[in-house]
Structures are given as C-alpha cells and as structure tokens.
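Just so you know, residue 1 is the first one in the sequence shown, and it goes up from there. Both ligands and their constituent atoms are indexed starting at 1 by order of listing.
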Amino acid sequence: MQRMAIDKTPEWQALLAHHRSLRETRMSDLFAADPSRAQKFTVRCGDIRLDYSKNRITGETMTLLRQLAQVADVKGWTGKFFRGDRINTSEDRPALHTALRQRTGTVAVDGKDVIAEIAAVRQRLYAFAGAVRDGTWTVHTGTRITDVVHIGIGGSDLGPRMVVEALRPSTAPIRVRFASSLDDAELAAALEQLVPASTLFIVASKSFTTPETLANARLAKQWLLTALKEEALVKGHFVALTSKPEEAKKFGVEAANIYPMWDWVGGRYSLWSSIGLPIALALGPEAFDRLLDGAAAMDAHFRETPFEANLPVTLGLLSVWYANFFGAETQVLLPYDWRLRLLPTWLQQVAMESNGKSVDRDGKPVSTATAPVVWGGSGNDGQHAYFQALHQGTHLVPADFLVALSGGANRAALLANCFAQSEALMGGRDAIAAGGPHKAMPGNRPSNTIIFPQLDAKTLGSLLALYEHKTFVEGCIWGINSFDQWGVELGKVLAARIEPELKAGAGTGGAHDASTAALIGAYRGKS
Ligand code: F6P
C-alpha cells in the first residue's frame, strides 16, 4: 500500500500550525505558569530519569507528536523489529540486536530459533574471557596473556571501546587497548611497551574485508613474527570476531579462536554480540551480563510502555520536533562524566549511519530533513570550549545532558555545573541585568537531562539501548530504513582505485576530476 509522505499527513500539518503558535513562547514563562511542569515532563525507566521539561513544548506539543508517532506506526514497526521481520529491506535482513539481550523465549530467523544459538556462542565467549583473565588460557608457548589489542573499525570498534573506557576498573588482570585507524600511528601507540609473547590480538570485523582492520591485523602479525620468529607461534595470538569465519581462517586464525556473529546484527549495533569480547576481557563476563540486563530492561520498557511514559519515544519525538519544525541541524550530547566521553562518538555512528538517508524505505526521495549531525563530548570540558556558541551563538542546538548522581570526589561540583548549564541555556540573562548586549544570553535553548544513581554496567546498557531505540523511532517517523548504510560504499571503491595509482610510478589508471588528479600528483611528486 502506498504510504502518504509523513509531512503530508494531517498530524504533521497540525504540528506545523502548533509550531507557528508556540515558536516565540519562552520556556521560562511556561515554568512560571505551571509549577508542576518539571514533574509533568519527567519519565522514568527503572533508576534512569529523563527530565524533558526544559524543552520548547507544552502538553499539546507532546500530544501532537505522539499522534505523529501513531500515524507513522511506530508501534507496528517496533513489533516487526523485535519479532525479526526483515525490516532491513535493501539488504533483505532482520535487524535483531535486541535478540542478543533477550535471554528467554524464542526469536526465529528463517524458521530457526536464534536465542539458543546466541546463548551457546556467548557461553564459549565467556569461558574464553574467563580463562584469559585467570591465566588458564595460554598461547602455544604456555605464556599467559597480559595485554589485548582489539583491532576493528566503526561498529567493530566504537561500541566496545566506549564501554571499556566507561567502566574500566582501576586494576584488572588484563589490559585492553584499541586500534582502528589505517594510520599506523594508532597501532604503534597501542603496542608501546607491550611484550609480544603475552599479547593477544582480537581482529573484529563482521565482513572480514574491511581494509583498515586487515591492514592493522597484518602489521600486528609482522610485529609478532619479528619477535616470535615462527608462523606457528604467531597463530595462537589471534582471535577473530566475524560473520565470515572462512575469511578469518584464510588470514591464519585458528578455528577454535573464531567467534561468530550473524548478518542480522548491524555493525553499529554489534557491541552486544561477539564483537563485545573486549568488554568481557576487560571487565569480566559478569559485567557483560549486567550490560545486557540493562539493555534488556530498556527493550522491555520501549516495547511495553505507553508513548506518554516511554523514554526512547519521547527522545525520538523531541528530536523530530527540533530537526523538522525548528530546523535544528545538529544535536549535542553532553555526558557530565569523563568516563562517558566516547558516548557521543558511538552515537554519531548509530544515529548518522542509521538515519543519514535521503530516500525512504521504498527508495523514494524523502520530503523532510533526516538525521541531524550528532556531536559532543565530556560536558564539563565542553564548557571551556564550545559552550559559548551554545549559549550565545546563532544556531539552535538541542542538548542532552547525562550525569550520575554519585561517583568520584568532585561529584557535587560536577552536578552543579551540569545543572547550571541547562538552567542558563533555558533561562538566559537579559541585556540590562547582564550589563550590555555582549553579556546578554538569549536563553530559551532546549535540553533534556538524564540522571541515574551511578554509572555501572546495567545503567550503561540501558542508556545505550535508549539511544538505539531513539534512533529507531526517528527512522520510523521519517519512513526510512535505519539499518542499511549504502552511503559508505562509493568512497571505499574509489580508495581501492586510487591507492594503486598513488603507488604506481606514473600515469593515472582512472579518470579523475582535476582536483583529485592534482592531489594524486602532489603525493607522487613528493617522492
Ligand atoms: O564502512 C562502514 C562500515 O561498514 C560500518 O557499518 C561498520 O560498522 C564498519 O564499516 C566496520 O565493518 P566490519 O565490521 O565489517 O569490518
């Protein structure tokens, strides 16, 4: 059945009219008029509390946005998503990262239950991680592992790296480092002071064809070979995480050291799969279980909670409100927890690779803006860098503040800064009180604040699933397939063409525009 473009629906038109009537309204007036505003616009999932009262909304805005979610059939698509329907139509696959955190029941892919299969792989993975951690797993020389270097890129790097950085204990039996870039400076830094005999390399690649990952894996092999001398010894130092085990074997990884993942797990959603091995190694299998528990709790909340009290639906709808009605082109994620500093980088891939699309599920051009640019970093550090533009710049940048209520010596000061920033963004300061136009703060700048008792594995699991599902909700509203990523392909094809041209002595094999040809020439000219 032909779907009506979302912006042609009466629900969208009603929001347009509502926006016109509300756009000049000041949040400070809305707070003054309604003493219960903060309570009214706060929703919870377990210990996680989302206060979205500092947004340019009224009760009517939320009602109209929820009606938009109804007409976009967010509920129906959520059912299809969790059930394992092939909602990734351009790749003819389900998107089933939620099955990875589901411990009971069944989910069928091609008539086969995957829950039992997931449990079996995870059991192997946990046994391996446990044995590496307690020293009973050794390489062929009988040496135990002290250090792990995880090689992967994109979804095979960002999720595990972010979780390990967020929860890394001060002492651990195994040190885990990461290398993703084709620039070998990163791998060289990761290898600094490591002893080849006790170093394990994880090669994480769903496709096992990604040039960056394979180039780093080859360098790692060379590094080991230089020290260990024998190929036979080098092999035992590699573990592969992939949906293409045959390719990993060709690279020289022993069959017993290959942990599978499935093509129905998208790369950017894969930290819950075997790709999360560095998490189990650095933090222990129990912590990995808690991470899964947290995500499962958010999955259940997302599926079962009415839109009014649903965190991912609320965040997704607010995102659409600003992107499509206020024309906000970016969103900033501001964790007030240094350990979460990589969260925005992880979300960048999740949100922008998922929803950075210009055609809908049927391949027709979309008629609304999609995927705002996601950026951010440690909020407290940002205060001394880009917050100036958030407060006085000309762009509207909706912000998400995230902070744990406990942890560390300076927590009260950290919380004070976090709460002060959202208050200042909202309230602003007029020119007279400020003492001149340069010191005036326009205010009326929207933000969400997400608070939780402490940053632990379970909470982090819930937060990650929250943002995954927020992204899904946005994709439903925009009518796009959030699970493919064809836009990354052309650059890879062109790089594969240009590389031999750079290495060749003269002449270019391919036809290039004048700029690219000159850049290639500049490289050749330097040698
Ligand atoms: O090029 C983009 C991408 O395909 C991402 O979607 C993916 O997470 C990343 O590359 C790494 O892919 P792989 O796990 O197959 O090496």
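- The ligand atoms of ligand 1 that sit less than 4.0 angstrom from a heavy atom of Thr210 are 12 (O), 13 (P), 15 (O), 16 (O).
- Annotation for ligand 1: atoms under 4.0 Å from non-hydrogen atoms of Val488 are 1 (O), 2 (C).
- The neighbour count for Glu117 CD, taken as heavy atoms of other residues, nucleotides or ligands under 6.0 Å away, is above 12.
- Here the two rings, on Phe483 and Trp264, have centers that are 6.0 Å apart or farther.
- Nearest-residue assignment for atom 8 (O) of ligand 1 (options Gly155, Ser207, Ser354; heavy-atom criterion): Gly155.
- Ring centroid separation for the pair Phe81 and His97 comes in under the 6.0 Å cut-off.
- No more than 12 heavy-atom neighbours from other residues, nucleotides or ligands sit within 6.0 angstrom of CD on Glu499.
- Any N or O atom pair closer than 3.5 Å counts here, and Gln349 shares at least one such pair with ligand 1.
- Under the 6.0 Å distance and 45° angle rule, Arg361 counts as a cation-pi partner of Trp77.
- Less than 4.0 angstrom separates some heavy atom of Ile153 from each of these atoms of ligand 1: 9 (C), 11 (C).
- Scanning Gln485, Lys492, Met261 for the heavy atom closest to atom 10 (O) of ligand 1 points to Lys492.
- Summary of contacts: the protein heavy atom closest to atom 14 (O) of ligand 1 is Ser156 OG, 2.6 Å.
- With salt bridges taken as basic N to acidic carboxylate O contacts below 4.0 Å, none links Glu501 and Arg524.
- If you look at Trp375 and Tyr386, their ring centroids are closer than 6.0 Å.
- Of the protein's non-hydrogen atoms, Glu353 OE1, 2.8 Å is the one closest to atom 6 (O) of ligand 1.
- Within the 4.0 Å heavy-atom cutoff, Glu489 does not count among the residues contacting ligand 1.
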